[in-house]
Amino acid sequence: MFKTLLAAAAVTAMAAPAVFAADLDGRVLKIGTDATYPPMETVDETTGQIVGFDVDVMNAICEQVNCVPNFVNTAWDGIFAALQQGEFDLVISGVSITPEREETMDFSEPYIVVSQAILLQVDNSDMTLEDFKAGGQKLAAQTGTTNAQLAEELVGRENVSLYDNFSAAILALQNADVQGVIIDGTSAAAYEQEFAGELTVGITGLQSDPLGIVFQEGDATVDAINEGLAAIKADGTLDKLVGKYWGTE
């Protein structure tokens, strides 16, 4: 998975232009994010600040194009409606770029590609997709995500339990209310580390998704953000952030 992430960043960096001139004149960007999804975004319990890979990516982009990010923690199930109603200038929250979403919103260029995986209890690490398809075993996911869509495609709606956020899905797995959680591999690795000896990334090699920054349809700000993104790919900043969070340095 991590080789895929690095390869995607490197390919884009090679194609990036050599000169970057976008300037947002110090504009404050109100950014929606569902900070319940480590390591992409979460709330630091000590400081109360929103931290994570997506936060660092956005901070790095703003350094390039002269903007000030203002992150706002908001629930996933209303995040796109809030964007379209103008409550946010953009959303960065581990959002997969899909044809359905592109019909109503605009995306930046992809900043990372993630593979979906299934978290299991360590004691059930030998479970397979066939075990879920056979019935009697529940696969959890967050409502309204590509993870939930894939879960239904893989094992059938009757074998899927949906939760408002991934924290609730993880708790259900720990309590054995469900037997697996389908989640982006980047976050699966974080949960495996946090709950070492209890949870494991048991099933991998599932669908891969490019992630992008989301804007209202027709928002010209996407051009400046894309330019900043190209800059942090070209100068190695994005690769360094991938290394910081997934130990690939």
> With under 30° as parallel and over 60° as perpendicular, where do the rings of Phe80 and Trp76 fit, or are they tilted in between?
Replying inline: perpendicular
> Would you find more than 12 non-hydrogen atoms of other residues, nucleotides or ligands less than 6.0 Å from Gln193 atom CD?
Replying inline: no
> For the side chain of Asp131 and the backbone of Thr128, is there at least one donor-acceptor N/O pair under 3.5 Å apart?
Replying inline: yes
> For Asp209, what residues pass the salt bridge (Lys or Arg N to Asp or Glu O under 4.0 Å) criterion, not counting sequence neighbours?
Replying inline: none
> Any sub-3.5 Å donor-acceptor pair from Ser93's side-chain atoms to Val95's backbone N or O?
Replying inline: no
> Out of curiosity, Leu229 CG to Met58 CE, how far, rounded to the nearest 0.5 Å?
Replying inline: 9.0 Å
> For Thr200 and Gln121, which heavy atoms make the closest approach, and how far apart are they?
Replying inline: CG2-O, 4.2 Å
> Are Thr36 and Ser167 close enough that a side-chain donor and a side-chain acceptor fall under 3.5 Å?
Replying inline: no
> Counting only heavy atoms not in Glu45, do more than 12 fall under 6.0 Å of its CD?
Replying inline: no
> Atom OG1 of Thr74 and atom NZ of Lys30: how far apart are they, to the nearest 0.5 Å?
Replying inline: 9.5 Å
>> Could you tell me if the side chain of Leu171 sits less than 4.5 Å from the side chain of Tyr163, heavy atoms only?
In response: no
> Do Val201 and Leu206 belong together in a cluster built from hydrophobic side chains that touch within less than 4.5 Å?
Replying inline: no
>> Any non-hydrogen side-chain atom of Phe215 less than 4.5 Å from a side-chain atom of Ser108?
In response: yes
> How far apart are the C-alpha atoms of Leu119 and Leu173, what are their side-chain angles, what is the distance that settles it, and do they pass the side chain to side chain contact (heavy atoms under 4.5 Å, CB included) test?
Replying inline: CA-CA 8 Å; Leu119 270 174; Leu173 176 60; 4.0 Å; yes
> With no hydrogens and no angle check, is any side-chain donor or acceptor of Ser96 less than 3.5 Å from a backbone partner on Thr98?
Replying inline: no
> Pro38 and Tyr191: which non-hydrogen atoms are nearest, and at how many Å?
Replying inline: CD-OH, 3.4 Å
> Are Thr143 and Asp77 side-chain neighbours, meaning at least one heavy-atom pair lies under 4.5 Å?
Replying inline: no
> Where do Lys133 and Val155 come nearest, in terms of heavy atoms and distance?
Replying inline: CG-CA, 3.9 Å
>> Could you walk me through whether Gln142 and Asp164 satisfy the side-chain hydrogen bond (donor to acceptor under 3.5 Å, both in side chains) test, starting with their C-alpha distance in whole Å, then the side-chain angles of each, then the deciding distance to 0.1 Å, before giving a yes or no?
In response: CA-CA 6 Å; Gln142 183 179 23; Asp164 288 339; over 6 Å; no
> Going through the distances and angles, do Thr221 and Arg27 end up as a side-chain hydrogen bond (donor to acceptor under 3.5 Å, both in side chains)?
Replying inline: CA-CA 11 Å; Thr221 309; Arg27 178 181 166 192; 3.0 Å; yes
>> Could you measure the distance from the CG atom of Leu154 to the CD1 atom of Ile118? Nearest 0.5 Å is fine.
In response: 6.5 Å
>> Test your reading of the model: is there a side-chain donor-acceptor pair from Asn159 to the backbone of Phe132, 3.5 Å cut-off?
In response: yes
> Nearest heavy-atom pair of Leu120 and Gly180: which atoms, and what distance?
Replying inline: CD2-CA, 4.0 Å
>> For Val28, is there any backbone N or O sitting under 3.5 Å from a side-chain donor or acceptor partner on Asn70?
In response: no
> Taking a hydrophobic cluster as the set of Ile, Leu, Val, Met, Phe, Trp and Tyr residues connected by side-chain heavy atoms closer than 4.5 Å, whether directly or through intermediates, do Phe88 and Met40 fall within one such cluster?
Replying inline: no
> Quick one: do Phe71 and Ile61 end up in the same hydrophobic cluster if we chain Ile, Leu, Val, Met, Phe, Trp and Tyr together by side-chain heavy atoms under 4.5 Å apart?
Replying inline: yes
>> Minimum heavy-atom separation for Glu41 and Asp34, please, with both atom names.
In response: CG-O, 3.3 Å
> Judged by atom type as modelled, is there a donor-acceptor pair below 3.5 Å linking the side chain of Arg157 to the main-chain atoms of Val160?
Replying inline: yes
> Are Val214 and Ile92 in one and the same hydrophobic cluster, where Ile, Leu, Val, Met, Phe, Trp and Tyr link if side-chain heavy atoms are under 4.5 Å apart?
Replying inline: no
>> Out of the candidates Asn165, Asn175, Val178, Leu199, only one should pair with Ile170 under the side-chain contact (heavy atoms from CB on, under 4.5 Å) rule; please name it.
In response: Leu199
> Just by distance, with hydrogens left out, do Asp106 and Gln216 show a side-chain donor and acceptor under 3.5 Å apart?
Replying inline: no
> Closest approach of Asp54 and Gly94, non-hydrogen atoms and distance?
Replying inline: OD2-N, 2.9 Å
>> Is there a path of hydrophobic side-chain contacts, each under 4.5 Å between heavy atoms of I/L/V/M/F/W/Y residues, joining Tyr111 to Leu24?
In response: yes
> Using 30° and 60° as the class limits, which term best fits the ring planes of Phe166 and Tyr37: parallel, tilted or perpendicular?
Replying inline: parallel
> Checking Asp184 side chain against Ser187 main chain: does a donor-acceptor pair fall under 3.5 Å?
Replying inline: no
> Would you say the side chain of Val68 lies within less than 4.5 Å of the side chain of Leu29, judging by non-hydrogen atoms?
Replying inline: no
> Looking only at atom types and distance, does a side-chain atom of Ser208 sit under 3.5 Å from a main-chain N or O of Ser115, one as donor and one as acceptor?
Replying inline: no
>> Rounded to the nearest 0.5 Å, what separates atom CD1 in Ile213 from atom CD1 in Ile31?
In response: 8.0 Å
> Are Met105 and Leu83 close enough that some pair of their side-chain heavy atoms sits under 4.5 Å apart?
Replying inline: yes
>> I'd like to check Ile232 versus Val57 (side-chain heavy atoms, cut-off strictly below 4.5 Å). Are they in contact?
In response: yes
>> Quick check: do Pro110 and Leu211 have side-chain heavy atoms less than 4.5 Å from each other?
In response: no
> Got a second to check how far Glu102's CD is from Phe107's CZ, nearest 0.5 Å?
Replying inline: 6.0 Å
>> Show, in sequence, the C-alpha distance, side-chain angles and deciding distance for Leu150 and Glu153, and conclude whether the side chain to side chain contact (heavy atoms under 4.5 Å, CB included) test is met.
In response: CA-CA 5 Å; Leu150 181 60; Glu153 292 172 10; 3.8 Å; yes
> Can you tell me how far CD1 of Ile112 sits from CG of Leu238, rounded to the nearest 0.5 angstrom?
Replying inline: 7.0 Å
> Got a salt bridge between Asp56 and Lys244, using NZ or NE/NH1/NH2 to carboxylate O under 4.0 Å?
Replying inline: yes
> Is Asn124 reaching over with its side chain to a backbone N or O of Met127, donor-acceptor style, under 3.5 angstrom?
Replying inline: no
